[in-house]
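Just below is one structure, and these are the notes that go with it.
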Amino acid sequence: MKQKKKKILQGGRGRCGCVSSCRETRCSVRMFSVLKERVGQILLPGDEFCCGPQDTLPLTDSGKPERLVAGPGLRLSGDRLLVSRSGVLRHKEPNKFWIESQQRRYVPAKGETVIGVVTAKAGDVFKVDFGGSEPASLSYLAFDGATKRNRPNVQVGDLVFAQFIVANKDMEPELVCIDGSGRANGMGVFGAGGLLIKVSLGLVRRLLVPNSELRADLQQLFPCELVVGMNGRVWVRAGTVQQTLILANLLQSCDTMTAPQRQQLFRNVWTRLHGAGLTEDPKDQLVLCGGPEPMDFLVFV
Amino acid sequence: MKETPLSNCERDFLLKAIEEKKRLDGRQTYDYRKIKITFGTDYGCCFVDLGQTRVMAQASCELVAPKDSRPNEGIMSFNLELSPMASPAFEQGRQSELSVKLNRQLERCLRNSKCIDTESLCVVSGEKVWKIRVDVHTLNNDGNLMDAASVAAISALCHFRRPDVGIQGEEVTVYGPEERDPIPLSIYHMPISVSFAFFQQGTYLLVDPCEREERVMDGLLMIAMNKHREICSIQSSGGIMLLKEQVMRCSKIASVKVSEITELINKALLNDKTARKAGGRCGFAESMPQERITALKTDQTSVEMTDVAETASSVFQTAEAPPQTAPSPLVPAPGVGQVGEGVRNTWGLEEEGEEEENEEGVSSGGDSVEEMTKMEEEQHKESKSRKADVVEILDSDEEEEEEEEEVVILYPETTGKAKNAGSSSGQKGAATSRKQRKK
């Protein structure tokens, strides 16, 4: 039997935020080291890091100023670095810093891939709702192999996986289902089956990171298919309806859990599934309530 | 604002899952979500949580003239509001179809069933009766607003206390809560509504549909009953055709559910009563659980506390004394008022300029006070000159300043002093003040 491997469609940037919000600055060595000390700590909006005239230059550091890339949540103003979101400060070598925060509202950014619902057909474009302030437009021709005569088979109410080519605050956002070279690259209309759930943006980023612990834990459970949109929407499909529902509930619950809590939850589920044995009899139903604090969730076997 | 559209994929999945008797959150077909009832600090305020659906009801009363057709009965009025807080699909102010439907159902369920003894609400027959008003606000919509609203309304009525009234001959005295304890309403029975959602033309049914299930359902059957198995109201919407057996089965399920919910309400009322008697803290704030997001939690960090006392006292000592408060205003010249004297500026700039200031002459007849606009921190301030006879001095705002700068008082002709209430902190960055003198 062919193992259905997990297919995760990745797009956009994993963790370090989008191009539009990165800025570089020349900064003194001191600010860099101060920032580095605070990595992993919680910062609040209003905290600032000054890069003013140096009082003392430590002899041990090399005198060369390093470029600092400020990601989402950090903002440059003159020679000060201001924090504009509350969250944990993260660092990626060599010089990227950003604030990781919990947020559910999505703001579109160019290059990010999202899951949208087609709401209307208007002339030559589809109107797609992705959870933002206004619906985005998706042209008929922006699909792989689509021509004026050969229209894509998309109905109102279908799910599409697309990326933004225009996304700023002044214009209507635009989506396309092809990449720069004209190929689909995993984007397009969804097939039948599966369930769409809404999660926070933090969870989405944790799922998309290259060596994600969350994905590794999910892999242990059972084979499934996941499509992760950066607008907080995740589409899941597993072998049976039961497994799909379990997966959906798991993802929504582990949003606010730390890693050890999550692993304990997954272990519980695994023992229920494999230890007790998956029975086909629908009357044999077990309802397991409650996981580790603070969220309760239900699993049924 | 429109609601997020339901995709075909979700609809198909939900219907398929229902055919296999699976629900999204793992409930059985006849299971209710977790119901939580809490009361506020005021009498008559009740919050009900049905899973994620949250509703608040408040009961209140006032003395009014009775209806002409029923001179010795009190009046009950119900109002259900769909607040935009509950869902992006609800608009403020607009009476949507759903809102009209829910209001009507609530009224039929509670008023037509005569659950409250309205004759006991009469104070003076034909003149004064109590009007009891129940307002239900929806705070979050996750499906099945009707059931939550009915539980909230009847709990609020059971919890409510109206002021005591004394009648002596012709005189009617309404006692406040400090004088005499308020008395509860007399309630005969508690009607509670139970909703059933039907799918696939009546083949499958679910009790207490959540929001997504409500969006794919074909029709809804609402049965309002009390624990004595009396049906108070029954309503079917959606245009589905139901068989007699189905309706009978639903009513049996409803009676079981209603007795459970009635017990829950009574228990909540009892808890609240004992908490109030014991003088313990009661109310909504106490009932909220502490919910934490642990994924972004860090351990406690230590704060450096050495020398805090010394640092604080040294700061106090080195800081200057605050300026004295202004004396009462004086009138140096007609049409001009002066309150206090401006503090000498400490910029250390343009000492000579200050002497010039004292000799200014202005030929305009009046004075004008201008308002200052706050400027960007990075820009330098420049003084503008308007008409020839007006002198302005603008102070610059510095970055860390808190005070608003005060403005200029101009004097006609004779010696006057233009005053600045300047800030006294040391400034970096340019602070320019240029004055023009007009001869």
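What you see is a predicted model, and the numbers here were worked out from it, not measured in a lab. Labels below follow one simple rule: chain letters A, B, ... track the order of the sequence lines, proteins then strands, and each chain is numbered from 1.
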Can you tell me if [X] has over 12 outside heavy atoms packed within less than 6.0 Å of its [atom1]?
| X | atom1 | result |
| --- | --- | --- |
| Q52(B) | CD | no |
| K198(A) | NZ | yes |
| E263(B) | CD | no |
| E213(A) | CD | no |
| K121(A) | NZ | yes |
| E97(B) | CD | no |

_Once side-chain contact (heavy atoms from CB on, under 4.5 Å) is applied, do any residues pair with S133(A), and if so which ones, sequence neighbours excluded?_
none

[X] side chain near [Y] side chain, heavy-atom distance below 4.5 Å:
| X | Y | result |
| --- | --- | --- |
| S7(B) | F190(A) | no |
| F13(B) | V236(A) | no |
| R233(A) | T4(B) | yes |

*asked:* I need the single residue from D12(B), L14(B), L24(B) that forms a side chain to side chain contact (heavy atoms under 4.5 Å, CB included) with L195(A). Which is it?
replied: L24(B)

Engaged part of [X] at the chain B interface, taking heavy atoms whose separation is under 4.5 Å:
| X | value |
| --- | --- |
| D158(A) | both |
| V118(A) | neither |
| L196(A) | both |

*Out of curiosity, E20(B) CD to T240(A) OG1, how far, rounded to the nearest 0.5 Å?*
7.5 Å

*Side chain, backbone, both or neither: which part of R212(B) has an atom under 4.5 Å from a heavy atom of chain A?*
side chain

_Closest non-hydrogen atom pair, G194(A) against C9(B)_ = O-SG, 3.4 Å

